[in-house]
Amino acid sequence: MPIYEYCCPNCSAKFELLRPVSRADEEVLCPQCHIPAKRALSSFAAFSKSSSGMSTPISGAASACGTCSASTCNTCGS
Ligand SMILES: [Zn+2]
C-alpha cells in the first residue's frame with residue numbers, strides 16, 4: 001500500500017497517509033483545520049535520487065502507472 005502525501009491549502013501542513021491506490025483521490029481532511037487537503041505528489045513517485053543525493057524530477061512519472069512508481073512500467077501492464 002503506497003503512502004500519499006497531502007498538503008493543507010490553509011495552514012500548509014503536510015501529512016502522509018497510507019491508503020490503497022483506489023482511494024488515493026479521496027478527500028482527506030487536515031488534522032488541524034478540518035478542511036479538505038490536496039494530495040501532493042509523493043516524493044518517491046515524482047523524484048528519483050541520484051547517487052549524489054540530488055533529487056531530479058521525472059517527467060510524467062505521476063501518471064505513467066497507477067500501480068507502481070516507475071515512469072515506464074512494464075510490470076503492471078499499464
Ligand atoms: Zn490545515
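Keep in mind that the numbers below use all heavy atoms, side chains included, and drop hydrogens, waters and symmetry copies. All figures in this text were calculated on a predicted structure; none of them were measured in a lab. Counting starts at 1 for both ligands and their atoms, in listed order.
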Any chance you could lay out the side-chain contact (heavy atoms from CB on, under 4.5 Å) test for K14 and E5, step after step, and finish with the verdict? CA-CA 7 Å; K14 286 187 177 178; E5 194 178 348; 3.3 Å; yes
Atoms of type N, O or S from protein under 2.8 Å of the Zn ion (ligand 1), total 4
Just verifying a value: how many Å separate L29 CG and H34 NE2, rounded to the nearest 0.5 Å? 8.0 Å
What I'd like to find out is whether the side chain of V28 reaches to under 4.5 Å of the side chain of L17, using heavy atoms alone. yes
Test your reading of the model: is there a side-chain donor-acceptor pair from R19 to the backbone of E26, 3.5 Å cut-off? yes
M1 vs V21 side-chain heavy atoms within contact, under 4.5 Å: no
Say you draw a straight line from OH of Y6 to SG of C30; how long is it, rounded to the nearest 0.5 Å? 13.5 Å
